[in-house]
Amino acid sequence: MTDILALAELTFFWGAFTFMIATAFAGLCAIRLALKGEAVTSLMGVSALTTAAGVSLYLIQILFEIEFARDTAIALLVLGAVGTIIFARLFRMEEGK
Amino acid sequence: MIEEIFVFVYAIIVILFVGLNIRKGSFIVEPTKLLFLVIILSILATMVLYLRGVDLYLAIKSIAKIVAGGIMFAGTLPMILAGIGLFRFGDEFGPNIFYVRNHIVGVIDAVASLVMIFAGLLIFRLDLVAVGFFFFVLIPFCGNALANAYYYSYQRRLRE
């Protein structure tokens with residue numbers, strides 16, 4: 001009876017772990033994007049980095065039951081997206097307007 | 001040992017299927033049919049487990065968790081390819097490469113939010129679904145705001 005549950009747990013663990021590795025790779029590429037180029041490109045890279053970090057932290061909370069990771073992940077995901085929109089609006093505005 | 005072999009084969013099958021879809025540039029199996037097929041297979045597997053004496057709730061939970069793992073395996077390849085794309089398209093392609101990068105970042109965001117939504121639904125975590133859905137709603141606004149900001153700042157630089 002417990003075999004199928006163990007199989008499901010193992011599948012979910014490795015799925016989440018593989019996805020976390022892929023997300024970390026995308027996050028590293030986003031760091032590279034954020035460190036080169038101009039302001040809007042950097043903003044885009046930081047936005048992708050917050051996404052990658054937020055999803056990874058959420059998966060860490062699910063896998064290892066670390067509660068503060070969920071709060072950090074929610075803050076990163078929500079504030080990252082909202083902050084990107086606000087800063088993009090600021091970059092769009094010309095000086096003096 | 002048999003569990004590890006199952007996970008490995010399952011991951012290879014899912015990732016290969018996603019890779020073939022990306023390689024073809026369109027869906028091999030239509031998404032509606034694929035969803036229907038996955039639901040039918042899940043119900044069949046649950047019934048088989050129930051008939052073999054496994055508790056019904058345990059069977060549903062296990063099958064849902066296996067499908068959630070498959071969704072995460074499916075999200076792996078687009079995430080890695082998006083990262084490679086961010087590396088691949090450098091500044092030598094001209095100023096309009098920004099829009100390509102914006103699209104790639106949109107792929108990263110969409111894959112992350114869809115994985116959060118569907119995996120959250122399958123493992124009965126509604127907080128994950130809520131955050132994923134909120135993020136999924138905000139993605140197009142982010143992309144649009146970034147592209148808009150780049151367009152106007154580029155026009156301003158051209159004028160100056």
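Just so we're on the same page: letters track the sequence lines, and every chain starts at 1. Because the structure is a prediction, the values reported are computed rather than measured.
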Exercise for the section: Classify the ring geometry between B:Phe124 and B:Tyr57 as parallel (under 30°), tilted (30 to 60°) or perpendicular (over 60°). Expected result: parallel
When only pairs under 4.5 Å are counted, which of [options] shares the most heavy-atom pairs with chain A?
| options | result |
| --- | --- |
| B:Phe141, B:Phe6, B:Phe8 | B:Phe6 |
| B:Ile139, B:Leu138, B:Asp127 | B:Asp127 |
| B:Gly75, B:Ser153, B:Ala74 | B:Gly75 |
| B:Ile108, B:Ile123, B:Ile63 | B:Ile123 |
| B:Ala149, B:Gly132, B:Ala59, B:Gly69 | B:Ala149 |
| B:Val67, B:Val7, B:Val14 | B:Val7 |

Exercise for the section: Under 4.5 Å heavy-atom distance to chain B, tell me which part of A:Ile85 shows up: side chain, backbone, both or neither. Expected result: both
Exercise for the section: Pick one of side chain, backbone, both or neither for A:Arg89, based on which atoms fall under 4.5 Å of a heavy atom in chain B. Expected result: neither
Any donor-acceptor pair under 3.5 Å linking the side chain of [X] with the backbone of [Y]?
| X | Y | value |
| --- | --- | --- |
| A:Tyr58 | A:Asp71 | no |
| A:Ser47 | A:Leu43 | no |
| A:Ser42 | A:Ala34 | yes |
| B:Asn21 | B:Ile28 | yes |

Handout entry: Most chain B-contacting option - heavy-atom pairs closer than 4.5 Å, from A:Leu77, A:Val82, A:Leu28
Key = A:Leu77
Handout entry: Interatomic distance, B:Ile39 atom CD1 to B:Leu35 atom CG [nearest 0.5 angstrom]
Key = 4.0 Å
Fill in the blank from the handout: Separation between CD (A:Glu67) and CD (A:Glu65), nearest 0.5 Å, reads 6.5 Å
Handout entry: A:Glu38/B:Arg157 ion pair, N-O < 4.0 Å
Key = yes
Practice task
Sort by residue number and list every member of residues 77-91 of chain B having a non-hydrogen atom under 4.5 Å from chain A.
Solution key: B:Met79, B:Ile80, B:Gly83, B:Ile84, B:Leu86, B:Phe87, B:Asp91
Exercise for the section: Give me the one residue out of A:Leu59, A:Val55, A:Ile62 that meets side-chain contact (heavy atoms from CB on, under 4.5 Å) with B:Leu128. Expected result: A:Ile62
Practice task
Count the heavy atoms of every other residue, nucleotide or ligand shown that sit under 6.0 Å from OH of B:Tyr10, and state whether that count exceeds 12.
Solution key: yes
Handout entry: Residue B:Arg52 versus chain A: region with a heavy atom under 4.5 Å
Key = neither
Practice task
Can you tell which part of B:Phe135 gets under 4.5 Å to a heavy atom of chain A, answering side chain, backbone, both or neither?
Solution key: side chain
Problem - B:Leu20 side chain reached by B:Lys24 side chain, heavy atoms, under 4.5 Å - result: no
